[in-house]
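None of these values were measured; they are calculated from a predicted model. We count ligands from 1, going down the list as the structure has it; atoms in each ligand are counted the same way.
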Amino acid sequence: MNYTLNEIIDTDKKYYMNTFGERTKVVFEKGDGIKLFTPEGEVFYDFMAGIAVNALGHCHKKYTEALKNQLEKLVHTSSLYYVENQALAAKKLVEMSAFDKCFFANSGAEANEGAIKLARKYFYNKNIDKFEIISLKNSFHGRTITTATATGQEKYRKPYAPLTPGFEYAEINNIDSVKAKITPHTAAIMLEFIQGESGVNICSEDFVKEIRKICDEENILLIADEVQTGMGRTGKMFAYQHYNVEPDIMTLAKALGGGVPIGAVLAKNNVAEAFSPGDHGTTFGGNPFCTAAAIAVMNIFEEEKIVENSGNMGKYFIEKLKNMPQKFIGEIRGKGLMIGVEFNAPIAQAVKNKLFENHILVGAVHDDILRILPPLIIKKEEIDLFVEKLEKIITEEF
Ligand SMILES: *Cc1c(COP(=O)(O)O)cnc(C)c1O
C-alpha cells in the first residue's frame, strides 16, 4: 500500500462521510481463504466475511479466474441488449429454488425495493386495494426510504420522516400480533427467517407455517428477505427450505456475488408477471461482470459442496460453543454458519475487541450479542482456533 494506516484514517476522516463512526483500526491489503493480511503481514482470521458476503472466503482461485476472464471481455452493456450471463445466472437461481423468474438489482435494499414494488403492482393490476406491508420488529431490510420504513427498528426510520406510507410491524414468533395487523388492505408479509442484523433471532417453524397459511387464506403475498440467509448461510441453499414453506417472492444479495455487488428478486410466475415492460428497471443490474460473479459463485458452490460444508461446520461450531464453560453465556443460537452468542452481561463489544487483539474478526450487536458469520469454506481447525481463543478470553479476561 502507498499510505500508512494513520494516513488512511486521517484522509478518511477528512473526506469520507462519517456514517460508520469509529471503525476498527486496521486496513487489509490481501486475503486468502479465511485469512486477511495487513500491509505489515499480520494475519487476521475473518469470522465476519464482509458481513456475510465472502461466502467463498477471500480470493478463491476459480472465482478470481472467472472475474478476470470476464473483465477482459466485457463489463457492462446495459439491459437494452440481451446479456448471456444475466440469462444464465437467472436460470441457475430459478433451477435451484422454488421460483420461476428472476430480476437482478445491485444490493439487498434495492432487491427489497423491487420486491415491495412487485407486491403492490400485483394487486394494482387486479384492481384490488391492497398495499400494506407487514414486517417484523427488529427486522432489517435496508436503508433506502422504503426499505428503512420496512425495517422494524425506529433508529433507522425516525430521522427520515415522512416515510413511505403503508407499513406495519408485528412481533417475531407471535402469530396473534401478526393477525392483529392484518387488514383488508394487507398486500404482503415480509420477513427474514433468521433476523441477522439485530442479533440472530430465529423464526419458529410454527410461526412461519401459520404465516404461510394466513397468506393463503387472506390473499396476501409472503416476501422472504433472504439477503443474508440466502446462498447457503444457514446450511441450506435458502432458509425457507428449513421450514417446508415456499414464499411468493424472495430477495437475495450479500453472498450472491461473492463480494461483487449484486442483488436478486425471485418470484413465482403468477407474481412475477405483474411487472410489465417499463415498470421496473436498473442501469447496472445484471450486467455481464456482476452476473459472471454470481455464476462463478454458484458453480463453485456445486463443485465444492459449499452448502453441505456450511451445514456440517455450523453444527460443529454451535456444538463446540455450547460445550464452552457457561461463564457469561446466555444463549447460543443459529443455523448453519449464521451464529449468535448472547451473553448474560454487557460484554459483547469488549469480547469483540479482545478477539481483535487475538487477530480474530467478529461482529457485536447491542451490548450482549456476538455475531459470527464466517466464510462458508471454513474448516474444523479454524473453528477450533476461534472457540479456543473465545474460551480463553471469557474465562481469563472477564
Ligand atoms: C444486509 C441486509 C439488507 C440490505 O442489504 P444492502 O446490500 O446493504 O442494501 C437487507 N436485508 C437483510 C436481511 C440484510 O441482512
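Lys121 approaches Ser276 most closely through the heavy-atom pair NZ-OG, 3.7 Å. Contact between Ile34 and Ile377 at its shortest, heavy atoms only, is N-CD1, 4.3 Å.
Looking at Ser135 and His141, their side chains never bring a donor and an acceptor atom within 3.5 Å of each other. For the 3.5 Å distance criterion, the side chains of Gln153 and Glu197 qualify, holding a donor opposite an acceptor. For the residue pair His242 / Glu205, no side-chain donor-acceptor distance below 3.5 Å is found, with atom types taken as modelled.
Residue-to-ligand polar distances keep Ala253 apart from ligand 1: every N/O pair is separated by 3.5 Å or more. Polar contact with ligand 1: present for Lys254 (N/O pair, distance under 3.5 Å). Considering backbone and side-chain N/O atoms, Ala109 comes within less than 3.5 Å of an N/O atom of ligand 1. At least one N or O atom of Phe140 sits closer than 3.5 Å to an N or O atom of ligand 1.
Heavy atoms of Glu192 approach ligand 1 to within less than 4.0 angstrom.
Per-atom contact check: atom 8 (O) of ligand 1 does not touch the protein, criterion being a heavy-atom distance below 4.0 Å.
Here the rule is salt bridge (Lys or Arg N to Asp or Glu O under 4.0 Å) with Lys181, and of Glu218, Glu132, Glu168 only Glu168 fits it.
Every atom of ligand 1 is numbered from 1 in the order shown, and the set under 4.0 Å from a heavy atom of Asp225 is 10 (C), 11 (N), 12 (C), 13 (C). Using a 4.0 Å cut-off to heavy atoms of Ser107, the atoms of ligand 1 that qualify are 7 (O), 9 (O). Every atom of ligand 1 with a heavy atom of Gln228 under 4.0 Å away is listed here by number and element: 15 (O). Of all the atoms in ligand 1, the ones that sit under 4.0 Å from a non-hydrogen atom of Asn112 are 10 (C), 11 (N).
Among all non-hydrogen protein atoms, the one lying nearest atom 6 (P) of ligand 1 is Gly108 N, 3.5 Å.
Around atom OH of Tyr316, more than 12 heavy atoms belonging to other residues, nucleotides or ligands sit under 6.0 Å away.
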Apply salt bridge (charged side-chain N to carboxylate O under 4.0 Å, His left out) to Lys320 and Asp384, showing your working. CA-CA 8 Å; Lys320 277 213 91 153; Asp384 293 345; 3.0 Å; yes

